[in-house]
Amino acid sequence: MTETLHFDDVSAVALETDDEIVARVRELVRNAIRHQVWLMFLNAERRQLPVIMPTDVPPAPDEDDPSRIGEFIRELAAELEASTVVVTYERVGGDQLTDADRVWLRALHEACENSRVAFSGPHLCHRRGVRAVEPEEYLG
């Protein structure tokens with residue numbers, strides 16, 4: 001049986017390191033069941049805010065997705081008074097990146113840069129869990 005996370009408990013803990021962020025995403029998202037992107041937000045004290053947003057995505061991003069997603073992140077972060085967005089790309093499959101994954105990860109990276117909001121990720125949620133993805137794995 002899995003333990004349910006309660007917002008009051010998780011919001012009290014600052015996520016200071018990338019490892020702590022990946023562990024939190026792993027607790028929340030667990031493993032991949034569909035093709036989607038997750039957005040989670042942190043406040044200035046790096047505490048999780050009460051909005052976690054999954055969004056189904058197509059197999060490949062549209063050309064305007066980095067701009068469109070970046071604007072969405074910027075507006076939502078302003079509304080939430082968030083200082084950081086945590087981005088996780090979910091897709092069924094193993095933990096090794098495919099060319100299609102790299103296209104999405106580049107688009108999400110660009111979207112985060114366009115948003116002008118600090119970001120963590122993108123992370124990869126795969127069939128066995130969640131892992132950090134280093135920029136050299138998808139930007140190169």
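Keep in mind the model is a prediction, meaning the values are calculated, not measured. Heavy atoms only: backbone and side chains are in, while hydrogens, waters and symmetry mates are out.
Using a 4.5 Å heavy-atom cutoff, the side chains of R24 and M40 are in contact. Residues M53 and F72 form a side-chain contact, since some pair of their non-hydrogen atoms from C-beta on lies under 4.5 Å apart. At a threshold of 4.5 Å between non-hydrogen side-chain atoms, the residues R46 and I21 count as touching. Residues F41 and T84 fail the side-chain proximity criterion, which asks for heavy atoms closer than 4.5 Å. At a threshold of 4.5 Å between non-hydrogen side-chain atoms, the residues I52 and L39 do not count as touching. Side-chain contact between I33 and V92 is absent, with no heavy-atom pair separated by less than 4.5 Å. With contacts defined as side-chain heavy-atom distances shorter than 4.5 Å, the pair L124/L97 qualifies.
In this structure a side-chain-to-backbone donor-acceptor pair under 3.5 Å is present from R102 to E137.
E110 contributes atom CD, which lies 8.5 Å from atom OG of S67 (distance to the nearest 0.5 angstrom). Between the OG atom in S83 and the CG atom in N43 there is a gap of 6.0 Å [rounded to 0.5 Å]. Note that the OG atom of S120 and the CD atom of E20 stand 11.0 Å from one another [nearest 0.5 Å].
Residues D101 and T98 bring a donor and an acceptor atom of their side chains to less than 3.5 Å of each other.
In terms of heavy-atom proximity, G70 sits nearest to N114 at CA-CB, 4.3 Å.
A salt bridge does not link R47 to E16: none of the charged nitrogens lies less than 4.0 Å from a carboxylate oxygen.
Partners of R68 according to the salt bridge (charged side-chain N to carboxylate O under 4.0 Å, His left out) rule, which considers only residues two or more places apart in sequence or in another chain, are D65. Annotation: side-chain contact (heavy atoms from CB on, under 4.5 Å) contacts of Q36 (sequence neighbours excluded): R34, W38, P54, D56, E90.
Aromatic pair H123/Y89: centroids not less than 6.0 angstrom apart.
Under a hydrophobic-cluster definition in which Ile, Leu, Val, Met, Phe, Trp and Tyr are linked whenever side-chain heavy atoms come within less than 4.5 Å, directly or via other members, V87 and L139 are assigned to the same cluster. Linking ILVMFWY residues whenever their side-chain heavy atoms come closer than 4.5 Å, directly or via other members, leaves I69 and V103 in distinct clusters.
In the displayed structure, D95 atom CG is contacted under 6.0 Å by more than 12 heavy atoms of other residues, nucleotides or ligands.
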